[in-house]
Amino acid sequence: MRGLVWMKDGGAEYAEVSLASELTAVGVAIGTDPAPYRLEYTLRTLPGYMTELLSVRAHGAGWHRALDLRRSAHGSWSCETKEEGRLGGPPPGGDMNVLNGALDCDLGLSPLTNTMPVLRHGLDRCEGRMDFVMAWVQVPHLHVIRHPQRYTHLGAGAVRYESEGFGADLTFDADGIVTDYPGLAKLIAP
């Protein structure tokens with residue numbers, strides 16, 4: 001079990017992470033955009049780092065949202081949501097039918113979920129370029145969409161992340177944890 005702290009341009013994140021043939025994590029994040037929020041999550045993967053469960057609770061002044069996102073062993077996605085108060089923007093959840101082929105969730109603004117596809121395919125250690133479909137969870141709205149992403153090995157512990165015109169060169173430690181995500185987060189407590 002590792003306790004990790006990332007400082008972000010618009011907040012911070014703390015997670016207690018266990019890595020073996022699967023990943024389990026419990027975390028909390030605070031942020032400011034589009035409104036100040038506190039977010040708590042639980043993440044659990046199947047062996048091979050494929051998402052099994054992402055449970056997220058987001059709170060702000062006068063509002064609360066919850067999402068329980070699940071991927072079955074057969075690859076089908078489901079979710080349960082709650083919404084109280086007024087945040088604006090899209091509702092939590094979304095059309096799970098568009099997530100066919102997705103193995104991973106991607107919790108917006110969290111460097112932790114970039115770990116799963118990289119570990120599964122060894123992209124932090126071995127040459128290669130892989131395209132993925134993610135169940136991307138917008139933060140703090142907790143709206144879920146289909147999100148194509150590409151990861152390319154750059155060198156030992158370095159992977160380029162690309163999606164819809166955006167790109168960043170990520171740095172990973174020996175365990176496959178993101179240590180630097182330029183423009184998003186930097187690990188300060190290993």
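What you see is a predicted model; the values in this text were computed from it and never measured. All values below come from the heavy atoms of this structure, side chains included, with hydrogens, waters and symmetry mates left out.
- Every residue meeting the side chain to side chain donor-acceptor pair (under 3.5 Å) condition with Arg57, not counting sequence neighbours, appears here in chain and number order: Ser55, Asp68.
- A side-chain donor-acceptor contact under 3.5 Å links Arg120 to the backbone of Tyr49.
- With hydrogens and angles ignored, the 3.5 Å screen pairs no side-chain donor or acceptor of His64 with any backbone N or O of His59.
- His141 contributes a side-chain N or O that, together with a main-chain N or O of Gly88, makes up a donor-acceptor pair within less than 3.5 Å.
- Side-chain atoms of Ser18 do not come within 3.5 Å of backbone N or O of Thr24 as any donor-acceptor pair.
- At least one donor-acceptor pair closer than 3.5 Å links the side chain of Ser163 to the backbone N or O of Pro148.
- Between the His143 side chain and the Pro91 main chain, a donor and an acceptor come within less than 3.5 Å of each other.
- Evaluation of the side chain to side chain donor-acceptor pair (under 3.5 Å) test over residues 175-185, restricted to residues two or more places apart or in two chains, returns Arg2-Asp175.
- Within the structure, no pair that satisfies the ring-ring contact (aromatic ring centres under 6.0 Å, His included) test touches residues 78-112, not counting sequence neighbours.
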Which atom pairs, one a donor and one an acceptor, fall under 3.5 Å between side chains of residues 27-38 and the rest of the protein, sequence neighbours left out?
from: Arg38; atom 1: NE; to: Glu40; atom 2: OE2; distance (Å): 2.5
from: Arg38; atom 1: NH2; to: Glu40; atom 2: OE2; distance (Å): 3.2

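- Taking Asp124 as the reference, nothing meets the side chain to side chain donor-acceptor pair (under 3.5 Å) condition, with sequence neighbours excluded.
- Counting only residues at least two apart or on different chains, the salt bridge (Lys or Arg N to Asp or Glu O under 4.0 Å) pairs with a member in residues 6-30 are Lys8-Glu13.
- Here Ser78 pairs with nothing under the side chain to side chain donor-acceptor pair (under 3.5 Å) rule; sequence neighbours left out.
- The stretch residues 83-96 participates, sequence neighbours left out, in these side chain to side chain donor-acceptor pair (under 3.5 Å) pairs: Arg65-Glu83, Asp95-Asn97.
- Scanning for side chain to side chain donor-acceptor pair (under 3.5 Å) contacts around Thr51 gives an empty result, with sequence neighbours left out.
- Residues in residues 7-31 take part in no ring-ring contact (aromatic ring centres under 6.0 Å, His included) pair, two or more places apart or across chains.
- Among residue pairs with one or both ends in residues 72-107, none qualify as ring-ring contact (aromatic ring centres under 6.0 Å, His included); sequence neighbours excluded.
- With hydrogens and angles disregarded, a donor-acceptor distance shorter than 3.5 Å links the side chain of Arg146 to the backbone of Val98.
- No donor-acceptor pair under 3.5 Å is formed between the side chain of His153 and the backbone N or O of Gly128.
- Considering all non-hydrogen atoms of both residues, Leu107 and Val56 come closest at CD1-CG2, 4.1 Å.
- Under a hydrophobic-cluster definition in which Ile, Leu, Val, Met, Phe, Trp and Tyr are linked whenever side-chain heavy atoms come within less than 4.5 Å, directly or via other members, Leu119 and Met130 are assigned to the same cluster.
- By the 4.5 Å side-chain criterion applied to Ile, Leu, Val, Met, Phe, Trp and Tyr, Trp136 is assigned to a cluster that also includes Ile145.
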